[in-house]
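This report refers to the structure that appears directly beneath it.
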2 protein chains.
Amino acid sequence: MSVMTEIDRQRRPGPRIEEVARLAGVSKSTVSRVINGEQYVSAKARDAVHTAITHLKYSPNQAARSLAGNRANAIALIVSEQGSRVLGDPFFAGVLRGVHAELTGRRIQLLLMLSRPEDHDDLLAYLASGHVDGALLVSLHGDDPLPLRLQEFGLPVVAGGRPLAAGSVPFVDSDNFTGGLDAVRHLVSLGRTRIATVAGPRDMAAGLDRLSGWRRGLGEAKLSADLVAEADFTPESGAIAMSELLDRAPGIDAVFVAADIIALGVLKVLHARGRRVPEDVAVVGFDDSLLASTATPPLTTVRQDVEQLGRTMTWRLLGELAGDSGLPPSLLLPTSLVLRASA
Amino acid sequence: MSVMTEIDRQRRPGPRIEEVARLAGVSKSTVSRVINGEQYVSAKARDAVHTAITHLKYSPNQAARSLAGNRANAIALIVSEQGSRVLGDPFFAGVLRGVHAELTGRRIQLLLMLSRPEDHDDLLAYLASGHVDGALLVSLHGDDPLPLRLQEFGLPVVAGGRPLAAGSVPFVDSDNFTGGLDAVRHLVSLGRTRIATVAGPRDMAAGLDRLSGWRRGLGEAKLSADLVAEADFTPESGAIAMSELLDRAPGIDAVFVAADIIALGVLKVLHARGRRVPEDVAVVGFDDSLLASTATPPLTTVRQDVEQLGRTMTWRLLGELAGDSGLPPSLLLPTSLVLRASA
DNA sequence: CTGAAAGCGCTTACAG
DNA sequence: CTGAAAGCGCTTACAG
């Protein structure tokens with residue numbers, strides 16, 4: 001049973017487009033054209049309309065615009081996650097800030113939708129019927145079919161982070177591979193030779209690509225790439241992974257950790273097992289989240305600009321909505337190594 | 001210059017209410033009544049309509065509903081913050097989850113709006129013209145006039161956390177006072193007598209009310225309440241505050257910290273200055289965020305249920321929108337002490 | 001309990 | 001460059 005909450009109605013006050021037109025001495029059509037930034041409007045009419053709008057504090061009714069214009073003037077930010085744990089993640093927060101920044105000044109609303117894979121059908125039905133003009137997708141796991149299914153409905157989509165599913169949707173991601181590679185090169189330059197990694201989950205590109213970068217770095221240095229343990233994005237799993245690694249290879253002198261939050265658990269175990277950081281074991285994280293600078297010791301880490309990621313996703317989506325040609329199908333954003341005490 | 005991004009249009013496919021009516025053998029009016037859960041519809045008509053809707057996979061056009069019904073079928077979640085730092089906060093994440101959970105199954109969209117105080121005018125103009133039916137406000141600072149101004153516009157509002165501004169808007173908050181009181185009672189029961197506090201910012205009720213609880217607890221035990229330092233919600237400020245306290249009163253044997261994230265800095269300083277926790281100094285935090293269980297040592301803390309806070313705010317707002325009478329103007333949610341190693 | 005009709009406030013061909 | 005008119009897809013008195 002879908003419980004509908006009734007909402008009491010009473011016509012909201014405030015001017016309509018009609019009144020703006022009257023005050024400006026033009027037709028509703030012209031006011032509409034000015035509002036929508038169309039090209040063929042005389043400067044005189046434009047000024048008169050702007051003046052009237054300001055004077056009346058007019059703000060157009062979005063529902064009417066959407067209905068008449070057959071566009072929603074809204075995009076969805078879809079968080080596809082089992083427990084929607086991402087929400088508290090600095091990654092998500094950064095993306096959200098970026099999306100918002102890019103939307104500022106355009107009259108496009110941001111609808112936030114959380115959807116567990118088992119609810120995807122409802123979500124698809126809803127989105128397919130024109131409630132938004134496009135969708136941004138974050139925290140896709142494994143081969144989640146959501147992006148492709150949305151695309152089939154004809155809804156423009158941009159993913160944040162490279163989706164692993166077969167087929168392709170446009171995405172924006174940090175250059176995780178190069179980030180991992182740079183981390184290892186740095187460790188090698190420090191003279192480290194037993195370089196392990198605590199990798200991210202292998203059902204996400206961020207996990208896989210950072211791992212590939214680590215492998216490539218070891219290959220370049222002709223070092224063996226055998227010390228791999230996996231963790232999800234929690235300190236606890238990082239602690240377990242690090243323990244395993246130390247059991248397997250007590251002589252580890254460096255570790256590249258796929259996320260700062262995982263590194264928290266890694267540092268804890270290293271400390272507990274009597275290894276000094278960086279003297280005995282150098283540690284490099286990934287993200288440059290707030291955690292990195294407050295960790296003990298402060299963490300050398302690969303910085304990714306998540307706010308820029310959010311901005312770029314939004315820019316790419318809006319470009320597609322506007323029918324821009326020549327948009328890059330996908331984009332990779334640069335990362336950079338931030339040196340602190342841990343390596 | 002407000003850059004408008006044009007969005008290409010082409011009538012979205014999919015059934016309209018007309019087709020549902022035809023298939024069900026009733027009028028559009030009746031279909032509308034069924035969709036809106038109105039009372040006076042025969043069971044027969046209702047069933048026919050439901051069948052037709054399922055069959056056609058009909059999903060009503062929200063814009064048309066909003067325009068005709070003069071309601072937005074949307075509520076705003078407004079984050080009023082300077083740097084929108086809150087977004088990465090577990091507090092915000094929990095509230096968001098709760099809001100979303102409460103909205104599930106009702107056809108009400110959630111619009112996320114971030115607004116810095118200097119942008120409030122734009123936000124007010126936008127909201128005042130009927131784009132949402134109500135607003136949820138979080139992370140209000142000091143005497144931010146936003147909630148009252150929204151109320152003046154006739155927009156139903158519920159704040160998350162007690163607003164400090166004069167006048168009153170409905171709010172839902174955790175019982176911060178009792179939480180602080182319980183924390184101190186626990187410390188007293190442990191035999192501690194020099195009980196300090198690292199309080200939260202005094203421009204937020206969460207800061208003030210937890211501090212009041214601490215004061216009251218000390219009063220009950222006839223202990224002096226002179227050891228107060230203030231911090232904002234960062235580990236760094238917590239570290240500074242704890243250093244000050246130790247300088248002023250080296251004999252401190254307990255400290256109540258207004259938030260787990262602040263406690264991180266407190267623990268760091270205690271460790272650095274050679275105090276064992278809990279042997280020398282017992283520490284109680286607030287929130288029971290993920291940080292509490294992964295801290296060293298794991299943190300005894302006052303748990304608040306932020307997801308419940310989000311749910312309750314939403315329930316209160318929807319109740320008001322539905323015209324329910326007898327709604328409590330404001331609500332205080334219980335907190336509970338979670339015992340771990342630090343106290 | 002139900003239907004025909006008006007109307008919500010815009011946008012957009014169309015004609016000029 | 002501009003305006004009159006139609007129409008977007010619903011909801012809602014009104015009458016029955």
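Letters A, B, ... mirror the listed sequences (proteins, then strands); counts begin at 1.
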Query raised in the report: If you look at every strand shown and take non-hydrogen atoms under 4.0 Å, does A:Ala63 touch a base, only sugar-phosphate, or nothing?
Result: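 Answer is nothing: A:Ala63 stays at 4.0 Å or more from every strand.
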Report task. Pick base, sugar-phosphate or nothing for B:Ser32, based on heavy-atom distances below 4.0 Å to the nucleic acid. Result -> base
Whole-Å gap separating [atom2] ([N]) and [atom1] ([X]):
X: A:Glu18; N: C:dT11; atom1: CD; atom2: C1'; value: 14 Å
X: A:Asn70; N: D:dC8; atom1: CG; atom2: C1'; value: 8 Å
X: A:Glu38; N: D:dC1; atom1: CD; atom2: P; value: 12 Å
X: B:Asp47; N: C:dC1; atom1: CG; atom2: C1'; value: 15 Å
X: A:Leu67; N: D:dC10; atom1: CG; atom2: C1'; value: 7 Å

Query - Passing option when B:Leu155 is tested against B:Leu127, B:Leu124, B:Ile75 for side-chain contact (heavy atoms from CB on, under 4.5 Å) - result: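 Running side-chain contact (heavy atoms from CB on, under 4.5 Å) over B:Leu127, B:Leu124, B:Ile75 with B:Leu155 returns exactly one hit, B:Leu127.
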**Report entry** Reference residue A:Ile78; test side-chain contact (heavy atoms from CB on, under 4.5 Å); the match among A:Leu140, A:Leu146, A:Leu111
**Finding:** A:Leu146
Using OP1 and OP2 only, check whether a side-chain N or O of [X] sits under 4.0 Å from [N].
X: A:Thr30; N: D:dG3; result: yes
X: B:Ser29; N: C:dG3; result: no
X: B:Tyr40; N: C:dG3; result: no
X: B:Asn61; N: D:dC8; result: no
X: B:Arg71; N: D:dC10; result: no

Query raised in the report: If you take atom types as modelled and just measure distance, does the side chain of B:Ser42 reach the base of C:dT2 with a donor-acceptor pair under 3.5 Å?
Result: no
As a test of reading the structure: which of [options] is closest to the side chain of [X], going by heavy atoms?
X: A:Ala64; options: C:dC10, D:dC10, C:dA4; value: C:dC10
X: A:Arg33; options: D:dC10, C:dC14, C:dC10; value: C:dC14
X: B:Val26; options: C:dG3, C:dT12, C:dC8; value: C:dG3
X: A:Val41; options: C:dT2, D:dT2, C:dG7; value: D:dT2
X: A:Asn36; options: D:dC10, C:dT2, C:dT11; value: C:dT11

Query raised in the report: Within the distance-only criterion (no hydrogens, no angle test), does the side chain of A:Asn73 pair as donor or acceptor with the backbone N or O of A:Ile108 below 3.5 angstrom?
Result: no
Report summary line: Scanning all shown strands, the Watson-Crick or wobble mate of D:dA15 with both distances under 3.5 Å is C:dT2
Report summary line: By nearest-heavy-atom nucleotide on DNA chain D, the more 5' of B:Pro60 and A:Gln39 is A:Gln39
Query - Student check: side-chain heavy atoms of A:Val20 and A:Val26 closer than 4.5 Å - result: no
